[in-house]
Amino acid sequence: MQLTAHQIALLLNGTVEGNPDVSVNQLAKIEEALPGSLSFLANPKYEQFLYQTQASIVILNEDFVISQPVNPTLIRVKDAYSAFSVLLDKYNTIKLNKTGIEQPSFIHPSASVGENVYIGAFAYIGANAVIGNNTRIYPQTYVGDNVKIGDDCTLFSGVKVYADCELHNRVIIHSSTVIGSDGFGFAPQKDGSYTKISQIGNVIIENDVEIGANTCIDRATMGSTIIRSGVKLDNLLQLAHNVEVGKNTVIASQTGVSGSAKIGENCIIGGQVGIVGHISIAKGSQIQAKSGIGRSIEDEGKKWAGAPATSFGNNMRAQVIFQRLPELEKTIEDLRAKLESLTKAENQ
Amino acid sequence: MQLTAHQIALLLNGTVEGNPDVSVNQLAKIEEALPGSLSFLANPKYEQFLYQTQASIVILNEDFVISQPVNPTLIRVKDAYSAFSVLLDKYNTIKLNKTGIEQPSFIHPSASVGENVYIGAFAYIGANAVIGNNTRIYPQTYVGDNVKIGDDCTLFSGVKVYADCELHNRVIIHSSTVIGSDGFGFAPQKDGSYTKISQIGNVIIENDVEIGANTCIDRATMGSTIIRSGVKLDNLLQLAHNVEVGKNTVIASQTGVSGSAKIGENCIIGGQVGIVGHISIAKGSQIQAKSGIGRSIEDEGKKWAGAPATSFGNNMRAQVIFQRLPELEKTIEDLRAKLESLTKAENQ
Amino acid sequence: MQLTAHQIALLLNGTVEGNPDVSVNQLAKIEEALPGSLSFLANPKYEQFLYQTQASIVILNEDFVISQPVNPTLIRVKDAYSAFSVLLDKYNTIKLNKTGIEQPSFIHPSASVGENVYIGAFAYIGANAVIGNNTRIYPQTYVGDNVKIGDDCTLFSGVKVYADCELHNRVIIHSSTVIGSDGFGFAPQKDGSYTKISQIGNVIIENDVEIGANTCIDRATMGSTIIRSGVKLDNLLQLAHNVEVGKNTVIASQTGVSGSAKIGENCIIGGQVGIVGHISIAKGSQIQAKSGIGRSIEDEGKKWAGAPATSFGNNMRAQVIFQRLPELEKTIEDLRAKLESLTKAENQ
């Protein structure tokens, strides 16, 4: 895709400074840009890159004052960062805009497929499955029987959605993520063995959810594991059976949430956190990476850290002293010795 | 599948109270049930749900005394929980009872496939592989050369079993789990680089093992990585080369076990635990989530916690004091000040 | 593959002691070897196995003095361990030496495929992708549009490489690993929701890198996430957008590295470690399993442990005292009581 400075300025409602006919075919960071690249400068801290860059075009704020000569053509806009974001999105939309049904793919005769979809080669669409309009199912993806997928969704290569699960609209799921595997439920027997508890529920993923790669969301034992609208989940997460994640909550990679835990809205949860089962986390909670949450959090909007977790501030203070434990032990030993000699002196 | 109260009562050897012709087509929790659902009540704590439920049929213990009028038809049985479990299993068995070979799939001419199997589209069965009777290989699953899989196994979509591995009978493996990838073995060279140590062993998975989604079990360097019968493994586990997991041991998600570690029978290991290589864990050990096990555990049947782990009780006590470290430091400082003023007074 | 002692001795430049016509068809550890196996003994600690083994042939150091009668044919070489490693590699090379294009597979007409490649059934090679010579793409693997893969690479079954990523030569990637999924970048909005930041960068993996199973390496927001030559990555790792891992660094399983972190050369990083974003780790750093690295490490070649991490030695000392916190608290209480009684005595 080749665009001139003139064309981009029209698109962004900006004004050109320099050669309007210069053209670009890629986007790049200003410090890494090669000739033929379009870049942007929003943070004045990086001004020197403007005078060094090899970019052919740079998008700049209207009010940015230049103090040295520049090589690239400039496009002046109100907000350079937003303008560049718009271009990024357009670029990405075009790149990912696949449609059509590649062969060989497997679409069960009883499945229903919307308009303008992409179904990649080796994708599998099970019996009675429903795929909405403008949805993209990449190659080697599995959509089990009775699965319902809404409009404008993207399932990248190798996603596996077990039977009976539901995805609403504008859901994005990255490669090899598994939706609807059996919850981890076994009943202990007298002889030390376990019998499986059948897992007949499903997973429901609401609108505008994005899920990273190699993440697991188990189906409910009965009922539904639910991911509310706007939730963003990173890679390699474990969400167990009957978990519920509230609207617009964000969870970083490698965090695990045990069965039946309920996480409130607008929480921010760091990476490698562990949350035990059957508890609830108040809305707006912020949980530091590597924390272990062993009981319900009832106060809204607080920060937590540690394993087991306490308030962020308290944990920070305790951690600082933990590092000084060797000194502290020495201080105590000194006190003990002094006190002993004092006591002896006293008794003489 | 539509069933009447009369039919279900016959199946469960129960007695009907209410309309025997009422019919249901799904199973649900009593508090979530819609009309047309079958539910159960076992725990008297939830009695009020019985009077509020929209379920059409509820299974109830023989001796359960009702204190208010109820809407649903009741089926009285000896043990409501067990009876419902029986129905769950039947429901699940019917749902998962796929057979036949979908096309296109790849079955090497030298492979041997048993009777009554399911092989989904895009599944791959390598050279000399053996698949037992009643086994289900879901779409997009990979069974490498010389792999042996027993009877009544289920490999969900996207499971990958490398060459030469063995699965015995009634093994269940969830999506995208990898069995038999190379162990992580490299020999450091003088120039700082590493050369790969070839990994020519395999993985053996015995009877009645269930393994979650996105789990990794590496092949042995030589010999076998072994998962003994009855073991239950959750999602996103890492079991390294030459690990052995004893009979009926249960391991929760995101736990990692390093090379050549031996875990005893009937252990219960929480999530996000790390176990170092070349150690052994005594049978019946219980290890709390997030623990780090750095040395062998020789005492059987004990509980452990912390990283590095100590006895569960000791760790709990130390954790409580950890949270109070800021106060403790203040106490020490007070003692030091008092002792100093006392010493000064003494010396005057 | 059947080989006689005579043939193996020729291959390894060794001398035969015993029957040169005895033949073997597998490799095994000396303590587990069955008849028909070839084994080796390098560590004199295991000498007794030599007199008990059922192996048909054992490779032994030239200068190893035998003190009892032995059953197997011996092959004497300079260095038994190295000689056996050579055989292991040969064995593995033969086993993995697949070539040809299985059907059905999907190779876009615009893709370019080198000589002597293996492309397994249900593999997908996207538009403008380039596959080098002697490279093996196992079944059900996904190679996105514009991906470049060099010579002598192996991508096992189910690997997913998103569009625009680059793999250089001799790269090995294990099953279900995902290369180039979107970085986890979202801009918070006033209403509490998030909008996705398009991720248009890629991942570059240099020569001689090996990556385990179910690992995730996200593409850069712009620019590249880079894995330098000789790096060895284990299973279930998370490497976020714009991360860079230096030459010959080794990272064990389940470790997570957040966005834009830069890891130096020749580091050794244990399992389940967490590294925050936008920091750098000095070359030669060694980080203990389960550590949490919250700030940049500037001193080269040091050992670190703990979460948050400090120097390995300091952390070990603090950990020891942590375990004794209950005693320590008691000591402090005793001191307080004694001091109080002393003060009282003083004031009387």
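In what follows, chains are A, B, ... by sequence order, proteins preceding strands, each numbered from 1. None of the values given here were measured: they were computed from a predicted structure.
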Practice task
Starting from the C-alpha separation in whole Å, work towards a yes-or-no answer on side-chain contact (heavy atoms from CB on, under 4.5 Å) for A/E210 and C/D182.
Solution key: CA-CA 10 Å; A/E210 180 158 350; C/D182 280 355; 4.1 Å; yes
Completion exercise
Of the listed A/N266, A/D208, A/L339, the one with the largest count of heavy-atom pairs under 4.5 Å with chain C is A/L339
Exercise for the section: Kindly indicate whether the side chain of C/F184, heavy atoms from C-beta on, has any atom under 4.5 Å from the side chain of A/V250. Expected result: yes
Exercise for the section: Please flag which part of A/E102 lies under 4.5 Å from any non-hydrogen atom of chain C: side chain, backbone, both or neither. Expected result: side chain
Practice task
Would you indicate whether the side-chain heavy atoms of A/Q323 and C/N314 approach each other to under 4.5 Å?
Solution key: yes
Problem - Any C/K160 side-chain heavy atom under 4.5 Å of A/V159 side chain - result: no
Practice task
Just jot down the ring-ring contact (aromatic ring centres under 6.0 Å, His included) partners of A/Y118, sequence neighbours excluded, or say none.
Solution key: A/Y138
Handout entry: Which of C/K290, C/R317, C/K196 touches chain A most, by non-hydrogen pairs under 4.5 Å
Key = C/K196
Practice task
Count the heavy atoms of every other residue, nucleotide or ligand shown that sit under 6.0 Å from OH of A/Y81, and state whether that count exceeds 12.
Solution key: no
Handout entry: Residue part contacting chain A, namely of C/D334, when any heavy atom lies under 4.5 Å
Key = neither
Problem - A/I268 versus chain C, the contacting section by heavy-atom distance below 4.5 Å - result: side chain
Practice task
Under 4.5 Å heavy-atom distance to chain A, tell me which part of C/A121 shows up: side chain, backbone, both or neither.
Solution key: neither
Practice task
Under 4.5 Å heavy-atom distance to chain C, tell me which part of A/K338 shows up: side chain, backbone, both or neither.
Solution key: neither
Exercise for the section: Identify which part of C/S181 has an atom lying under 4.5 Å from any heavy atom of chain A, answering side chain, backbone, both or neither. Expected result: both
Handout entry: Residue, of A/G270, A/A213, A/S157, that accumulates the most heavy atom pairs under 4.5 Å with chain C
Key = A/S157
Exercise for the section: Measure distances from A/I172 to the heavy atoms of chain C and classify the residue's part below 4.5 Å as side chain, backbone, both or neither. Expected result: side chain
Exercise for the section: Examine whether an atom of A/K29 lies under 4.5 Å from a heavy atom of chain C, and if so say whether it belongs to the side chain, the backbone or both; otherwise answer neither. Expected result: both
Handout entry: Region of C/Q199 in contact with chain A, defined by heavy-atom distances below 4.5 Å
Key = backbone
Problem - Interchain contact, C/T141 with chain A, by part (heavy-atom threshold 4.5 Å) - result: backbone
Handout entry: Residue part contacting chain A, namely of C/T255, when any heavy atom lies under 4.5 Å
Key = backbone
Practice task
Examine whether an atom of A/P326 lies under 4.5 Å from a heavy atom of chain C, and if so say whether it belongs to the side chain, the backbone or both; otherwise answer neither.
Solution key: both
Exercise for the section: Could you look at A/A28 and say if it's the side chain, the backbone, both or neither that has a heavy atom under 4.5 Å from chain C? Expected result: backbone
Exercise for the section: Tell me the residues of residues 271-281 of chain C whose non-hydrogen atoms fall below 4.5 Å from those of chain A, in number order. Expected result: C/Q272, C/V273, C/G274
Exercise for the section: Kindly compute the distance separating CD1 (A/I332) from CG (C/L328), expressed to the nearest 0.5 Å. Expected result: 3.5 Å
Problem - Residues in ring-ring contact (aromatic ring centres under 6.0 Å, His included) contact with C/F312, at least two apart in sequence or another chain - result: none
Completion exercise
Heaviest contributor of heavy-atom pairs below 4.5 Å to chain A, chosen from C/V320, C/I197, C/T221, C/D218, is C/D218
Completion exercise
CD of A/Q140 to CZ of C/F122, rounded to nearest 0.5 Å, is 10.0 Å
Exercise for the section: Check the surroundings of atom NZ in C/K262: do more than 12 heavy atoms from other residues, nucleotides or ligands lie under 6.0 Å from it? Expected result: yes
Exercise for the section: Keeping the roles fixed (side chain from A/Q254, backbone from C/L236), state whether a donor-acceptor pair exists under 3.5 Å. Expected result: yes
Problem - C/Q319 and A/L325: CA distance, side-chain angles, deciding distance, side-chain contact (heavy atoms from CB on, under 4.5 Å) verdict - result: CA-CA 9 Å; C/Q319 282 292 356; A/L325 278 180; over 6 Å; no
Problem - Approximate separation, where rounding is to 0.5 Å, of A/N235 CG and C/N214 CG - result: 11.5 Å
Completion exercise
Honestly, the part of C/T195 sitting under 4.5 Å from a heavy atom of chain A is neither
Exercise for the section: Check ring-ring contact (aromatic ring centres under 6.0 Å, His included) between C/F322 and all other residues, then give those that pass, not counting sequence neighbours. Expected result: none
Practice task
Measure distances from A/K247 to the heavy atoms of chain C and classify the residue's part below 4.5 Å as side chain, backbone, both or neither.
Solution key: neither
Exercise for the section: I would like to know whether A/K95 and C/D164 meet salt bridge (charged side-chain N to carboxylate O under 4.0 Å, His left out); could you show each step before the answer? Expected result: CA-CA 11 Å; A/K95 203 183 73 181; C/D164 305 324; 3.4 Å; yes
Handout entry: Side chain, backbone, both or neither of C/P188 within contact of chain A (heavy atoms, under 4.5 Å)
Key = neither
Handout entry: Main-chain N/O of A/S175 paired to C/Y162 side chain as donor or acceptor, under 3.5 Å
Key = yes
Fill in the blank from the handout: One should read off an interatomic distance between A/L335 CG and C/R336 CZ, to the nearest 0.5 angstrom, of 13.5 Å
Fill in the blank from the handout: The interface call for C/Y194 against chain A, heavy-atom contacts under 4.5 Å, is both
Practice task
Answer yes if the side chains of C/S198 and A/D89 hold a donor-acceptor pair under 3.5 Å, and no otherwise.
Solution key: yes
Practice task
To the nearest 0.5 Å, tell me how far A/E327 CD sits from C/I321 CD1.
Solution key: 9.5 Å
Handout entry: Distance in Å, A/F40 CZ paired with C/M222 CE, rounded so as to fall on 0.5 Å steps
Key = 5.0 Å
